[in-house]
Amino acid sequence: MDVPTKSPGDKKRPPIKVLSSQLRESKVHTGPNGKIECTIKRLGQRNACPLRDVSVVWMQGTVLEVKSDRNTTVTLIDETGTFVVTGTNSIPKGKPCLLSGKYVMVMGILQSCTPEPVLRAVKMADLSDNPLHRNLWKFEVEDLQQTL
């Protein structure tokens, strides 16, 4: 029996912490596997090389609107703008996060970057209990992007 091998392009990459404005300003292309991928400018570094082939992201924001349907859609806002998350009804612990005003984190697969970022949720968690999550988010994003 043949064992499938992975090509160098198949390596798994952890979700990249990003702000919605970085996705809106990104260069979008379709990856070899047919998924949306973005090239984004690193936060806080003017002349650094961009982050390439970003397809799975970690974002945080405040819930603005919840549209309940077969594939629940949530509109969130971070300090740089709005973004949309789909598929929240199919993830564990997603439902308690779906209240206007909650501050949440979401990991998801990019579906679109422009004109407004859209993610398909993979994980979601309520971070509302600790205001440090909101206050430090931009610094976390910048720190991670400088070390990648």
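Pro117 approaches Ser20 most closely through the heavy-atom pair CG-O, 3.6 Å. For Leu19 against Met59, the heavy-atom pair with the smallest separation is C-CE, 4.0 Å. Nearest approach of Gln111 to Ile36, heavy atoms of both residues: O-CG1, 3.6 Å. Of all heavy-atom pairs spanning Val28 and Cys113, the tightest one is CG2-CB, 3.5 Å. Lys123 approaches Ile91 most closely through the heavy-atom pair C-CD1, 3.9 Å. Here the shortest heavy-atom pairing between Leu43 and Glu142 reads O-CG, 3.5 Å.
Taking the side chain as every heavy atom from C-beta outward, Val18 and Gln145 approach each other to under 4.5 Å. In this structure, Leu98 and Thr88 have side chains that are in contact, with non-hydrogen atoms separated by less than 4.5 Å. Residues Thr86 and Leu119 are not in side-chain contact: their nearest non-hydrogen atoms beyond the backbone lie 4.5 Å or more apart. The closest side-chain heavy-atom distance from Ser26 to Gln22 is not below 4.5 Å. Side-chain contact between Thr72 and Lys67: absent, with no pair of heavy atoms (C-beta onward) separated by less than 4.5 Å. Using a 4.5 Å cut-off on side-chain heavy atoms (C-beta onward), Thr39 and His29 make contact. Between Leu51 and Lys41, every side-chain heavy-atom pair lies at or beyond the 4.5 Å cut-off. When side chains are defined from C-beta on, Leu99 does not count as touching Val66, because their heavy atoms never get closer than 4.5 Å.
In the hydrophobic clustering of ILVMFWY residues, with side-chain heavy atoms under 4.5 Å counting as a link, Leu23 and Leu144 come out together. Note on Leu132: it does not cluster hydrophobically with Trp137, by side-chain heavy-atom contacts below 4.5 Å among ILVMFWY residues. Note on Val57: it clusters hydrophobically with Val63, by side-chain heavy-atom contacts below 4.5 Å among ILVMFWY residues. Hydrophobic cluster membership is shared by Leu148 and Val54, with clusters built from Ile, Leu, Val, Met, Phe, Trp and Tyr side chains linked at under 4.5 angstrom. Cluster membership for Ile40 and Phe83, using ILVMFWY side-chain heavy atoms within less than 4.5 angstrom, is shared.
Looking at Thr114, its side chain never comes within 3.5 Å of a backbone N or O of Glu116 through a donor-acceptor pair. Using modelled atom types, no side-chain atom of Ser112 and backbone atom of Val118 make a donor-acceptor pair closer than 3.5 Å.
A distance of 5.0 Å separates CD of Glu79 from NZ of Lys138, quoted to the nearest 0.5 Å. Rounding to the nearest 0.5 angstrom, the gap separating the CH2 atom in Trp58 from the CE atom in Met105 is 4.5 Å. The line from CG of Leu110 to SG of Cys38 is 5.0 Å long, rounded to the nearest 0.5 Å. Note that the CZ atom of Arg42 and the CD1 atom of Ile16 stand 9.0 Å from one another [nearest 0.5 Å]. Considering OH of Tyr103 and CG of Asp129, their distance stands at 13.5 Å, rounded to 0.5 Å. Expressed to the nearest 0.5 Å, how far CG of Asp78 lies from CD of Gln60 amounts to 9.5 Å.
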Quick one, Val104 with Leu127, criterion side-chain contact (heavy atoms from CB on, under 4.5 Å). Give me CA distance, side-chain angles, the key distance, then yes/no. CA-CA 5 Å; Val104 301; Leu127 303 178; 5.9 Å; no
Dump the intermediate steps for side-chain contact (heavy atoms from CB on, under 4.5 Å) on Val85 and Leu76, then the final yes or no. CA-CA 8 Å; Val85 180; Leu76 295 115; 3.3 Å; yes
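Thr75 and Thr82 form no side-chain donor-acceptor contact under 3.5 Å, judged by distance and modelled atom types alone. Looking at Thr62 and Arg134, their side chains do bring a donor and an acceptor atom within 3.5 Å of each other.
Comment: Glu140 engages Lys17 in a salt bridge, judged by a side-chain N to carboxylate O separation of less than 4.0 angstrom.
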